[in-house]
2 protein chains.
Amino acid sequence: VGLRGEQGKAPKRVVLISGGVGGARMARGLAEVLPSDVLSVVVNVGDDLRAYGLAVSPDLDTVLYTLAGIEGPHGWGIAGDTYSAMERLSEAGLDTEFKIGDKDLVTNLVRTAALDRGETLSQATVALGAAMGVEVQVFPATDAPVKTKVAITGGEWLDFQDYFVIRGNRDDVTDLRFDGAESASPAPGVVEAISAAEAVVIAPSNPPLSVWPVLAIPGIRSAIEAAPRVVGVSPLFGGVALKGPAHRVMKSLGLPPGNLGVLAAYQGLLSDLVIDVGDGTERDTLAGQVKLHITDIRMPDLASSARLARSVLEIL
Amino acid sequence: VGLRGEQGKAPKRVVLISGGVGGARMARGLAEVLPSDVLSVVVNVGDDLRAYGLAVSPDLDTVLYTLAGIEGPHGWGIAGDTYSAMERLSEAGLDTEFKIGDKDLVTNLVRTAALDRGETLSQATVALGAAMGVEVQVFPATDAPVKTKVAITGGEWLDFQDYFVIRGNRDDVTDLRFDGAESASPAPGVVEAISAAEAVVIAPSNPPLSVWPVLAIPGIRSAIEAAPRVVGVSPLFGGVALKGPAHRVMKSLGLPPGNLGVLAAYQGLLSDLVIDVGDGTERDTLAGQVKLHITDIRMPDLASSARLARSVLEIL
C-alpha cells in the first residue's frame with residue numbers, strides 16, 4: 001500500500017520533534033515512507049557543547065547521519081570512523097573523555113567554521129545536510145544557545161555532557177534546567193512547519209532530557225498544541241528505555257512509571273500515544289486519557305523504522 | 001670536526017629567532033649539529049589566526065614539523081597530508097582559500113583544545129612538540145595575541161593571511177603594524193633563554209614580516225641587544241628572496257636593496273651578517289658596518305641546513 005499520494009490524496013505534512021538516536025531512527029523511517037517535502041524534523045540542541053574548541057551538536061548530527069544512512073553502529077557518529085585525532089589529542093596530554101571520530105570532527109569543523117563566519121546554526125545545518133545528501137528539512141529547535149543542566153542528588157548542577165557522557169548518566173537526576181531557553185526564539189521555519197503540519201510526532205526520545213528542552217523554547221509548545229494531531233511514540237518497553245536513562249530520569253523527577261509517565265511528561269500535549277505490543281497491559285491505566293495505539297515500536301533497523309513510520313501514518 | 005664539546009668546551013647556547021620556512025630550516029640545521037639542550041627557537045606569532053574556528057599558528061607549526069622531519073614538500077604543512085576536510089568544507093559552501101591538511105588540522109585542534117581549557121600558547125606548543133618528538137625548546141615569541149597588519153598601496157590595512165595567502169602577497173606593502181605587540185610580554189622563558197645565550201641567530205626569514213613582529217614585543221629586542229653576538233643570516237640571493245616577498249616588501253617599505261637592506265632592517269642589532277657566496281660583490285658596501293661572513297646559505301635539504309648551521313657556529 002503506497003502512502004505517497006494514496007487514493008489521489010496529498011500525503012500529510014508531518015513534523016517530528018526529535019532528540020538523538022531514537023528520534024533519528026524515527027526520522028529515517030518517516031523519510032522512507034513520506035516524500036521529503038512533507039517531512040520536517042525539529043531537533044533538540046540542549047546537549048550542544050564546545051569540545052576541543054569546536055561547536056558540537058550531538059542530536060543534530062545523529063539525525064543527519066541517520067537520515068544519510070551513514071550513522072555508526074551504536075546510532076551516533078559515522079560508520080567506520082577512526083579516532084586518530086583523539087589519539088593525537090591524548091598524546092598531547094589533553095582530556096579526550098568526550099570522543100569524536102575523525103570524520104565526525106570534520107562535520108563539527110564545518111559547523112564551527114560556518115558559525116565563526118556569522119552563519120546561524122540553521123544555516124550550518126542546511127549546508128551539512130546538503131553535503132550529506134539529506135533531502136528532509138532538519139531544523140535545530142533554535143539558533144540561540146540553550147544548555148540543558150542536570151541537578152543530581154546533593155543538588156550539584158552538571159553540564160549535560162558531564163552528566164551523560166563523562167559520568168555515564170548513572171546519577172539520579174533531581175532537577176533540570178534549560179539555560180537560555182526562555183529568551184530563545186524558535187529557529188526560522190520551525191513554527192511555520194509545525195503550524196502547516198497535519199500531525200506532529202514526538203519521537204521515542206528521552207522526554208525530560210531530549211524533548212523538554214525543545215518544548216521550553218517559547219512558541220514551540222503552543223504551535224504544537226494547535227496541531228490537529230500530536231502523536232507521541234513511547235521510548236519505553238516494559239517501563240524501561242532500551243537505550244539511555246529515560247525511565248530512571250522520569251522516576252527521579254517524580255513522574256509516574258511506564259507510559260503514564262510519558263503522558264505526564266507531555267502534560268496533555270498528546271492526542272495519540274503509540275506504545276509497544278509488549279505493554280498492552282498498560283491499556284487500562286491509559287484508557288480515556290489519550291488515543292492509544294499498540295504496535296511493535298522497536299527500531300533495530302531501517303525496515304522496522306519504516307514499518308513503525310507506516311503505523312504512525314496510518315493513525316492519522 | 002665535532003661541535004658537541006669540541007676540545008672539551010661546552011657547546012655554546014644559541015637562540016634562533018625564526019619566522020616560517022627559512023627559519024624552520026635553520027632551526028633543523030642547528031638542531032642537527034647542537035645538543036638539544038643548548039638550542040632554543042623563538043618563533044613569530046604575528047601570522048597566527050583563527051581559521052574554521054581553530055587557532056592556527058603557521059610559523060610555530062612549520063618550525064615544529066621541520067624539527068620533527070615531517071614537513072611538507074614546500075616547507076609548510078605535513079608531508080603526505082590529505083585534504084578531505086577541506087573538500088567537505090567546500091562541499092558545505094564554506095570558503096577554503098586558506099587550506100589546511102587533515103593531519104595539520106589535528107595539530108590545530110590540539111592547540112585550540114589546549115587554549116580553550118585555559119592553557120597558554122607556550123604550554124600548547126610544548127605539548128605539540130613533545131607529541132612530535134621534538135627535543136629542542138620552541139617558544140612562541142609571546143602568549144599574547146599579536147596580529148601583523150599590512151597596509152597596501154591606497155592605504156588599506158589587511159590581515160596578514162589576507163595579504164599573504166588570499167591575495168598571494170602581490171600587493172606593495174607600504175606600512176606594517178603589529179597589533180597587540182606593545183602590550184604583549186615575551187612568553188615565559190624567552191628573555192631568560194636569550195639572556196643565557198652566547199649567540200642569538202636571526203634566521204633567514206622575512207625581516208619586516210617575520211622578525212619585526214618578534215622584535216616589537218617589549219623586552220625581546222633589548223635582551224637580544226645584550227647578547228654577546230647577534231648573527232643575522234640573510235634571506236637574500238642577488239637581492240631577491242628565494243621564497244616569498246621579502247625583497248619586495250623591504251623595497252616598498254623604503255629599505256635599501258640587497259643585504260644593506262637586511263642590515264638596515266635590523267637597525268644596528270647585528271654583530272655579524274652571513275650572506276650568500278653569490279653576493280660577494282656586496283662586500284665593499286657592507287664593509288665596516290658588520291662582521292661579514294660569506295658562505296653558501298641555500299638550504300634545499302637537511303645536509304645543507306646542517307652545513308650552514310656549522311658555518312654559523314664556526315663564526316662564534
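All figures in this text were calculated on a predicted structure; none of them were measured in a lab.
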Against chain B, label A85(A) side chain, backbone, both or neither, depending on which of its atoms sit under 4.5 Å from a heavy atom there.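 Both backbone and side chain.
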Would you mind checking which part of L115(A) comes under 4.5 Å of any heavy atom in chain B, side chain (CB onward), backbone (N, CA, C, O), both or neither?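 For L115(A), neither part sits under 4.5 Å from chain B.
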If we define contacts as heavy-atom pairs under 4.5 Å, which of E91(A), R117(A), M132(A) has the most with chain B?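 Between E91(A), R117(A), M132(A), the count favours R117(A).
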Within the 4.5 Å heavy-atom criterion, are L54(B) and L54(A) side-chain neighbours or not?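 The answer is yes, as the side chains (C-beta and beyond) meet within the 4.5 Å cut-off.
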Do the side chains of L109(A) and L109(B) get nearer than 4.5 Å, heavy atoms only?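 No, side chains not in contact.
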Heavy-atom pairs under 4.5 Å with chain A are the metric here; pick the option from L94(B), D95(B), T112(B) that has the most.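 Ranked by heavy-atom pairs under 4.5 Å with chain A, first place is L94(B).
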Taking all atoms of both residues into account, what is the closest heavy-atom pair of A127(A) and A92(B), and its distance?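 In this case the closest contact between A127(A) and A92(B) is CB-O, 3.3 Å.
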Closest contact, heavy atoms only, G53(A) versus D116(B):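 Looks like CA-OD2, 3.3 Å.
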Going from CZ on R88(B) to CG on L105(A), what distance comes out if it is rounded to the nearest 0.5 angstrom?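 Answer for the CZ-CG pair, R88(B) versus L105(A), is 10.5 Å.
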Step through the shown structure and confirm whether more than 12 heavy atoms of other residues, nucleotides or ligands are within 6.0 Å of CD on E192(A).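 Atom CD in E192(A) is crowded, with more than 12 foreign heavy atoms closer than 6.0 Å.
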Answer with side chain, backbone, both or neither: which region of A114(B) has an atom nearer than 4.5 Å to a non-hydrogen atom of chain A?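 Both parts, backbone and side chain.
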